[in-house]
Amino acid sequence: MNKLSLLFKDRDLRNRMMVLAIILVVFRLLANIPIPGVDAAALQNFLNGNQFFGLFNVFSGGSLSTLSIAMLGLGPYITATIIMQLLMMVFPSLKALYYEEGSMGRAKFNRYSNYLTVPLAVLQGFGFLKLLASQNVLALTPVTTLISVFTITAGAMVMVWLGGIVSEQKMGNGVSFLIFAGIISRFPQSLIEAYKTYTPGSLPTYLVFILLALVVIAGVVIVNEAERRITVSYAKQIRGNKVYGGVSSYLPIRVNQAGVIPIIFAISVLLFPQFLSQMVSAFNVNIGASLNNWVTWFLNNQIIYGLVYFLLVFVFTYFYTAITFDPQEISKNLQRGGGFVPGIRPGEPTAQFLTKIVNQITLFGAIFLSVIAVLPIATQFITKTQTLTVGGTALLIVVAVALDTAKQIDSQLTVRQYEKA
């Protein structure tokens with residue numbers, strides 16, 4: 001209760017919460033401003049008949065269901081981030097910029113990602129509009145296409161700007177928070193739709209969904225809170241008449257180091273072939289049609305699509321963990337501070353030890369995320385109920401982001417309490 005009261009009494013924290021509230025309002029306004037020329041009935045039929053784009057609509061906070069100016073959401077930015085992180089593994093100068101130049105280097109790295117977001121938003125927006133036009137959802141002319149692409153590109157960049165503001169408030173990851181807000185905004189409508197479609201004969205299906213939801217919530221909480229603690233000792237140092245060090249601490253390594261980012265990355269990658277097929281159609285109709293047929297077959301084949309989704313989440317879990325947790329850098333920092341892992345020599349042996357531990361515990365985290373991600377698809381394949389497909393993955397992101405944001409707020413409150421003590 002003391003921390004809760006401090007949340008409203010502390011002026012700085014109150015201002016940060018106010019900023020978050022304003023961002024949510026702006027986000028919802030953007031999500032409800034449609035582009036012109038939309039056939040709402042045809043769009044609804046298209047989304048209902050395609051489970052993948054139905055899921056993407058949930059992540060965009062319903063922006064896709066109205067074809068709003070923010071319908072791309074943060075997809076282009078996420079794709080740009082993936083490309084930049086891959087380039088960081090290829091070019092040592094980018095890696096040095098990110099890890100060795102501090103906050104200024106990371107700010108420059110993020111600026112490069114923002115620059116790359118613009119052309120990606122143009123390509124994805126154009127591909128998406130062509131896809132919707134092919135489904136008779138939109139009536140496009142060259143002029144309206146140009147205006148619509150410019151509008152939704154601007155909307156995507158506004159979303160990136162809003163996400164950056166959220167991250168600056170130190171109340172959680174901006175990208176994850178906006179996706180979280182979009183999913184939450186769809187919950188009331190989902191409950192209403194579930195109530196309207198409820199029949200006494202569908203009670204077992206609804207009970208299975210509730211059970212899966214509870215399992216997902218419990219699993220996400222357990223895995224997100226689980227960590228491996230590695231003991232770190234510090235050598236004694238004598239400076240003048242004072243003795244420093246000689247104490248022990250621990251290095252926490254989380255089982256799910258990557259959070260929900262791998263799932264967001266995987267969905268962005270799965271969207272890309274659909275956009276690519278529409279881009280190719282603009283230059284070669286026959287090749288574009290063949291590619292589009294292949295992509296449609298892939299997305300509608302739940303077994304193949306589920307396996308690819310599973311592998312992408314698994315791979316991206318390891319990939320993002322490698323980006324955010326660098327054993328070499330941690331080993332160097334420990335050595336500079338006079339710290340060492342008991343029984344392990346400082347330097348390269350410590351880095352190898354940390355790498356082995358991270359790989360072992362990340363394996364469990366990667367399998368857990370992958371299974372949870374495809375579990376709703378498997379359930380939908382058995383029960384033929386689309387609600388389960390949307391609900392499971394969305395619930396995974398909601399719980400994980402809520403936990404992360406709660407920790408960020410709690411850390412801010414703890415700092416304030418120490419300052420007043």
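Quantities reported herein were computed from a predicted structural model and do not represent experimental measurements.
The side-chain heavy atoms of Gln352 and Glu348, taken from C-beta on, include a pair separated by under 4.5 Å. Contact check for Leu94 versus Met84: side-chain heavy atoms found under the 4.5 Å cut-off. At least one side-chain heavy atom of Ile152 sits under 4.5 Å from a side-chain heavy atom of Leu129. Counting heavy atoms from C-beta outward, Thr145 and Phe126 have side chains that approach closer than 4.5 Å. Proximity of Ile165 to Trp161: side-chain heavy atoms (C-beta onward) are separated by under 4.5 Å at one or more points. The shortest side-chain heavy-atom distance between Thr81 and Leu116 does not fall under the 4.5 Å cut-off. Proximity of Thr350 to Arg345: side-chain heavy atoms (C-beta onward) are nowhere separated by under 4.5 Å. No side-chain heavy atom of Val341 sits less than 4.5 Å from a side-chain heavy atom of Thr231.
Ring geometry for Phe310 against Phe314 counts as parallel: the plane angle stays under 30°, on a 0 to 90° scale with 60° as the upper cut. Taking the six-membered ring where the residue is Trp, Phe368 and Phe364 present parallel rings, their angle staying beneath 30° rather than reaching 60°.
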Audit row: Tyr77, Asn114, side chain to side chain contact (heavy atoms under 4.5 Å, CB included) steps and yes/no: CA-CA 7 Å; Tyr77 176 74; Asn114 292 342; 3.3 Å; yes

Derivation and outcome, side chain to side chain contact (heavy atoms under 4.5 Å, CB included), residues Leu30 and Leu162: CA-CA 11 Å; Leu30 291 175; Leu162 294 177; 4.2 Å; yes

Side chain to side chain contact (heavy atoms under 4.5 Å, CB included) assessment of Leu178 paired with Ile23: CA-CA 9 Å; Leu178 289 180; Ile23 288 176; 4.1 Å; yes

Residue pair Arg228, Val255: steps toward the side chain to side chain contact (heavy atoms under 4.5 Å, CB included) verdict: CA-CA 7 Å; Arg228 168 76 180 273; Val255 173; over 6 Å; no

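Rounding to the nearest 0.5 Å gives a distance of 3.5 Å between CD1 of Ile230 and CD1 of Ile253. In this structure, CG in Leu72 is found 7.0 Å from OG1 in Thr153, a value given to the nearest 0.5 Å. In this structure, the separation between CZ on Phe109 and OH on Tyr112 is 10.5 Å, given to the nearest 0.5 Å. Within the model, atoms CD of Glu227 and CG of Asn256 stand 12.5 Å from one another, a figure rounded to the nearest 0.5 Å. From Ser148, atom OG reaches atom CD1 of Ile69 across 11.5 Å, with rounding to the nearest 0.5 Å. Atoms CG and CG, from Asn15 and Leu20 in turn, are 11.0 Å apart once rounded to the nearest 0.5 Å.
Between Val313 and Ala266 the shortest heavy-atom distance is CG2-CB, 3.8 Å. Smallest separation of non-hydrogen atoms from Ala181 and Leu24: CB-CD2, 3.4 Å. The minimum heavy-atom distance linking Val374 with Gly306 is given by the pair CG1-O, 3.4 Å. Between Gly125 and Val149, the closest heavy-atom pair is C-CG2, 4.5 Å. A pairwise comparison of heavy atoms in Ser113 and Ala80 identifies O-CB, 3.5 Å as the closest pair. In terms of heavy-atom proximity, Ser68 sits nearest to Ala31 at CB-O, 3.3 Å.
If you run side-chain contact (heavy atoms from CB on, under 4.5 Å) between Val160 and each of Val118, Ile78, Thr117, Asn110, only Thr117 comes through.
Not a single ring-ring contact (aromatic ring centres under 6.0 Å, His included) links Phe325 to another residue, sequence neighbours left out.
Residue-environment remark: CZ (Arg106) exceeds the threshold of 12 foreign heavy atoms within 6.0 Å.
A side-chain donor-acceptor contact under 3.5 Å links Ser331 to the backbone of Gly347. Tyr318 places a side-chain N or O within 3.5 Å of a backbone atom of Asn359 that can act as its donor or acceptor partner. Ser233 places no side-chain N or O within donor-acceptor distance of the main-chain N or O of Pro342, the cut-off being under 3.5 Å. Between the side chain of Gln257 and the main chain of Arg254, a donor-acceptor pair closer than 3.5 Å is present.
With 3.5 Å as the limit, one finds a donor-acceptor pair spanning the side chains of Gln124 and Thr79.
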